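When a ligand or atom number is given, it counts from 1 through the structure's own listing order. For clarity, every value in this text was computed on a predicted model and none was experimentally measured.
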Amino acid sequence: MAEVEIRNVKKIYEGGVEALRGVSLAIEKNEFFSLLGPSGCGKTTLLRIIAGLEQQDEGEVLIGGRNVDNVPPHKRGVGLVFQGTAIFPHMTVYDNISFGLRMRKYPRQEIRERVRNVLELMNMPFEKYAWKKSHQLSGGERQRVEIARSLVIEPKVLLLDEPLGPLDLKIRQKMQLELKRLQKKVGTTFIYVTHDQTEAFAMSDRIAVMEKGAVIQVGAPEEIYRRPLSRFVADFIGETNLIEGRVEEQNVFAADGLPLIRIAPEAADGLVGKHAYLAIRPERIYLSDSIDKENRFTGTVVDKTYMGPYAMLKVEIGNNLVLTVHVHEPEILQNLNLGDRVPVCWKASDSYLIER
Ligand SMILES: Nc1ncnc2c1ncn2[C@@H]1O[C@H](COP(=O)(O)OP(=O)(O)O)[C@@H](O)[C@H]1O
Ligand SMILES: [Mg+2]
């Protein structure tokens, strides 16, 4: 049984904005599950509906197998961490974290025990942090207190809405790893909202990619990266070269003005004779003509950009088709100039097809 089940949830706001157009999801117990999509695609709306802060127009939400549509937020067994701060700056860390427990009239001793344990979990020693005022903390520490404050009531499900948004990149990356470690340790189901694919990739067991109020693909990060099912997902998750054309045969793809392209037969299942995009990631294209790659072309370098760990080349292989190629060997780059003719190649099995 799924820990959180969303069945065909629709939401139209006043003014007619269709924020959710029939979303269905099943999120397993102990899963780190992310909702990933561009701003405005309905992530926050879905999270607020799960929390009970917003009412859907259609569909159901089940938590632990129970329909919660008539259950108020504080009785749903969910914790909430939002971007921006819900903690009180002039209260101590201890008072902030214990707030929910005091509201629920827990005994003093148990409150102290729980605050100690949850601070320990967040790698914040009780003696060092409990009596600090929250405004004396760094951004990363405040975010940890925020999470501790939600975890201390031991929710079944923790909902997090872009909680690391305001933090600097370095601290954000550190917090991503910590959050993942924490989630595995406490075993609480996490539903994490973000528009940042690297963040979703770094932490999630599974990701739901959303676009315009709909979930368009659900899967493990590797799966979503390797086999995006739509052009939108391919574009949104990293960079992809898309070549428009037609699947001629089970292993042949034809694009205007280019020699025939070899594709993996299994990729073409059900697509023979149809128009499609052939997709190939920039890191799967090589500047060589090695014979173990079925597709070998010659192109012209039209742009080169140094990116630090790699270089991004734009290579025109004909008919205005420009491929993006990532080159990881700096030696290759040094000897390349704009206008140079270069070989490019890729393996048929490294490409995939997207229906148009
Ligand atoms: N309270 C509201 N009233 C009217 N429209 C809203 C409200 N909240 C969100 N929306 C609209 O619903 C859509 C989805 O918003 P939201 O769920 O916040 O997206 P996300 O979190 O993915 O950025 C957007 O078009 C947004 O402008
Ligand atoms: Mg949002």
Do ligand 1 and C41 have nitrogen or oxygen atoms that lie under 3.5 Å from each other? yes

Tell me which protein heavy atom sits closest to atom 19 (O) of ligand 1, plus the residue, atom name and distance to 0.1 Å. G42 N, 3.2 Å

Flag: protein heavy atom within less than 4.0 Å of atom 14 (C) of ligand 1: yes

I'd like to check whether E14 has a polar contact with ligand 1, where a contact means an N/O of the residue lying under 3.5 Å from an N/O of the ligand. no

K132/E141 salt bridge by N-O under 4.0 Å criterion: no

Of all the non-hydrogen atoms in the protein, which one sits nearest to atom 18 (O) of ligand 1, and at what distance? T44 CB, 3.7 Å

Can a donor-acceptor pair be found between the side chains of N8 and S24 at a distance below 3.5 Å? no

Got a protein heavy atom sitting under 4.0 Å from atom 27 (O) of ligand 1? no

D350 and R226 ion-paired at < 4.0 Å: no

Looking at E294 and R262, does any basic side-chain N land under 4.0 Å from a carboxylate oxygen? no

Please indicate whether any nitrogen or oxygen in A19 is less than 3.5 Å from any nitrogen or oxygen in ligand 1. no

Closest protein heavy atom (residue, atom, distance) for atom 1 (N) of ligand 1: Y13 CE2, 3.7 Å

Whether R206 and E31 form a salt bridge (side-chain N of Lys/Arg under 4.0 Å from carboxylate O of Asp/Glu) is what I want to check. yes

shortest atom 16 (P) of ligand 1-to-protein heavy-atom contact is with T45 OG1, 3.7 Å

Are there any protein N/O/S atoms under 2.8 Å from the Mg ion (ligand 2), and if so, which? T44 OG1

Check K314 with E316, please: is the shortest side-chain N to carboxylate O separation under 4.0 Å? no

Only one of Q173, R172, K174 passes side chain to side chain contact (heavy atoms under 4.5 Å, CB included) with L164; say which it is. R172

Among non-hydrogen protein atoms, atom 20 (P) of ligand 1 lies closest to G40 N, 3.4 Å

Heavy atoms only, cut-off 4.0 Å: how does V17 contact ligand 1, side chain, backbone, both, or neither? side chain

SB check R227 E223 (cutoff 4.0 Å): no

What residues form a ring-ring contact (aromatic ring centres under 6.0 Å, His included) with F33, not counting sequence neighbours? none

Could you check whether E5 pairs with R7 (Lys NZ or Arg NE/NH1/NH2 to Asp/Glu carboxylate O, under 4.0 Å)? yes

Take atom NZ in K304; do more than 12 heavy atoms of anything else shown fall under 6.0 Å from it? yes

